[in-house]
Amino acid sequence: MATASVENGVASQNGQTFAQSAKVVFVLGGPGSGKGTQCASIVEQFAFTHLSAGDLLRAEISSGSENGLMIQNMIKEGKIVPSEVTVKLLQNAMERSGNDKFLIDGFPRNEENRAAFELVTGITPEFILFFDCPEEEMERRLLGRNQGRVDDNIETIRKRFKVFIESSLPVISYYDAIGKVRKIDAARTVEEVFASVCPLFAPYLQTSV
Ligand SMILES: Nc1ncnc2c1ncn2[C@@H]1O[C@H](COP(=O)(O)OP(=O)(O)OP(=O)(O)O)[C@@H](O)[C@H]1O
Ligand SMILES: Nc1ccn([C@H]2C[C@H](O)[C@@H](COP(=O)(O)O)O2)c(=O)n1
Ligand SMILES: [Mg+2]
């Protein structure tokens with residue numbers, strides 16, 4: 001039977017530290033490439049916990065936290081929130097989940113995010129799921145999303161594309177150089193994209209990968 005405990009601030013499961021037992025997949029791709037959409041399907045079939053860094057930051061704004069105004073301004077400008085805030089939110093959500101398999105969506109967005117997460121959690125990702133999509137298609141999807149997001153307007157969308165190219169693509173290149181990137185053509189239907197994603201998660205249906 002699986003046993004979970006937290007001692008001296010270090011969570012452990014069956015004698016392994018959380019960092020040793022946790023399986024993390026980073027889900028990256030430009031704004032509107034379909035990260036959230038695909039994560040919802042992966043969660044249903046493969047029992048991962050989906051943690052969207054953007055959703056956690058938006059929840060922090062709604063909670064009235066002292067960082068709320070700073071986060072709101074950065075999101076409106078399409079900028080990346082300091083890692084100390086985002087990594088803490090991710091860490092708390094991971095601990096609260098009770099799961100050990102995580103899809104971390106929209107993170108790491110820059111080199112600072114990447115280095116801070118690995119340093120603070122001690123977790124190395126299993127792989128990076130990269131949704132590759134042309135800008136025109138992402139722009140069309142974002143302008144049609146209709147979820148009331150303050151950053152789904154053409155001015156902020158253009159800024160987010162620029163930040164993606166300048167700050168996020170280098171992180172994908174970093175992981176590509178160490179063989180961790182699984183690139184998916186995201187400019188197809190939701191179903192076609194998911195069909196390409198599924199084989200990557202099949203090994204995680206067993207508990208001891
Ligand atoms: N393969 C697809 N084909 C057409 N529309 C799609 C596809 N995947 C997602 N969408 C739609 O595009 C919009 C953006 O998708 P989604 O929210 O999943 O993107 P995202 O990568 O999470 O974006 P963001 O980085 O802004 O959070 C949504 O309205 C979604 O329904
Ligand atoms: N690691 C992250 C993730 C997100 N943000 C901010 C900046 C993004 O434009 C915004 C929305 O994220 P999304 O929902 O599109 O993934 O949230 C950040 O600062 N750092
Ligand atoms: Mg999203």
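Count residues from 1 along the sequence.
Side-chain contact between N92 and L56 is absent, with no heavy atoms from C-beta onward closer than 4.5 Å. Between Q38 and V190, some side-chain heavy-atom pair lies under the 4.5 Å cut-off. Residues I165 and E135 have side chains in contact (heavy-atom distance under 4.5 Å, counting atoms from C-beta outward). In this structure, the side chains of I184 and L200 come closer than 4.5 Å at one or more pairs of heavy atoms. In this structure the side chain of R58 reaches within 4.5 angstrom of the side chain of D55, judged on heavy atoms. With a 4.5 Å cut-off on side-chain heavy atoms, K79 and K159 do not count as touching. Side-chain contact between K180 and T124: present, with at least one pair of heavy atoms (C-beta onward) separated by less than 4.5 Å. Side-chain atoms of M70 and V81, non-hydrogen and from C-beta on, do get closer than 4.5 Å to each other.
In this structure, K35 contributes its side chain and G29 its backbone to a donor-acceptor pair below 3.5 Å. In this structure, T156 contributes its side chain and G78 its backbone to no donor-acceptor pair below 3.5 Å. Under the 3.5 Å distance criterion, the side-chain polar atoms of N110 are left unmatched by any main-chain donor or acceptor of V163. Looking at D176, its side chain never comes within 3.5 Å of a backbone N or O of I172 through a donor-acceptor pair.
Across F161 and E139, no two heavy atoms sit closer than the pair CZ-N, 3.8 Å. In plain terms, the two heavy atoms of A22 and F102 that are nearest each other are CB-CE1, 4.4 Å. Closest approach of A47 to N99, counting heavy atoms only: O-ND2, 3.1 Å. Between Q16 and S21, the shortest heavy-atom contact is OE1-CB, 3.4 Å. Taking both residues in full, the closest heavy atoms of C39 and V27 are given as SG-CG2, 3.9 Å, listed atom of the first, atom of the second, then distance.
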- Item | Trace of the side-chain contact (heavy atoms from CB on, under 4.5 Å) decision for F117 with I104 | CA-CA 11 Å; F117 183 88; I104 303 195; 3.9 Å; yes
- Message: Pair V85, L57 - check side-chain contact (heavy atoms from CB on, under 4.5 Å), show working.
- Response: CA-CA 9 Å; V85 173; L57 290 167; 4.2 Å; yes
- Task: Could you please spell out the steps behind the side-chain contact (heavy atoms from CB on, under 4.5 Å) verdict for V87 and F107?
- Result: CA-CA 9 Å; V87 170; F107 184 98; 3.8 Å; yes
- Checking side chain to side chain donor-acceptor pair (under 3.5 Å) for the pair T86/R109: CA distance, chi angles, key distance, verdict? CA-CA 10 Å; T86 317; R109 278 289 224 281; over 6 Å; no
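Following chains of ILVMFWY side-chain contacts shorter than 4.5 Å, one can reach V120 starting from L51, so the two form part of one hydrophobic cluster. The hydrophobic cluster containing V150 does not contain I154, counting ILVMFWY residues as joined when their side-chain heavy atoms lie under 4.5 angstrom apart, directly or transitively. Cluster membership for L69 and I61, using ILVMFWY side-chain heavy atoms within less than 4.5 angstrom, is not shared. When hydrophobic clusters are built by joining Ile, Leu, Val, Met, Phe, Trp and Tyr residues whose side-chain heavy atoms come closer than 4.5 Å, directly or via intermediates, L103 is grouped together with F131. I178 and V24 fall within the same hydrophobic cluster, where Ile, Leu, Val, Met, Phe, Trp and Tyr residues are linked whenever their side-chain heavy atoms come under 4.5 Å apart, directly or through other members.
Separation of atoms OG (S168) and CG (N113) is listed at 8.0 Å; rounding is to 0.5 Å. Rounding to the nearest 0.5 Å places CD of E112 at 3.0 Å from OG of S83. Here the CD1-CG distance, from I42 to L129, works out to 5.5 Å after rounding to the nearest 0.5 Å. For the atom pair CG of D105 and NE2 of H50, the computed distance is 3.5 Å after rounding to the nearest 0.5 Å. For the atom pair CE (M74) and CG (N67), the distance works out to 11.0 Å, reported to the nearest 0.5 Å. In this structure, CG on L142 lies 8.5 Å from OG on S33, to the nearest 0.5 angstrom.
Between E118 and R114 there is a salt bridge, since a side-chain N of the basic residue sits under 4.0 Å from a carboxylate O of the acidic one. Ionic pairing of D152 and R160 is present here: one or more N-O contacts between side-chain nitrogen and carboxylate oxygen are shorter than 4.0 angstrom. The pair R141-E137 meets the salt-bridge criterion, since a charged nitrogen lies less than 4.0 angstrom from a carboxylate oxygen.
By the 6.0 Å contact criterion, CD on E192 is enclosed, its count of non-hydrogen atoms from other residues, nucleotides or ligands being greater than 12.
Defined by atom type and a distance below 3.5 Å, a donor-acceptor pair is present between the side-chain atoms of S196 and R188.
Using a 30° and 60° split on the angle between ring planes, F48 and F201 fall in the perpendicular class, above 60°. Between F26 and Y175, the angle of the ring planes lies from 30° to 60°, which puts this pair in the tilted group.
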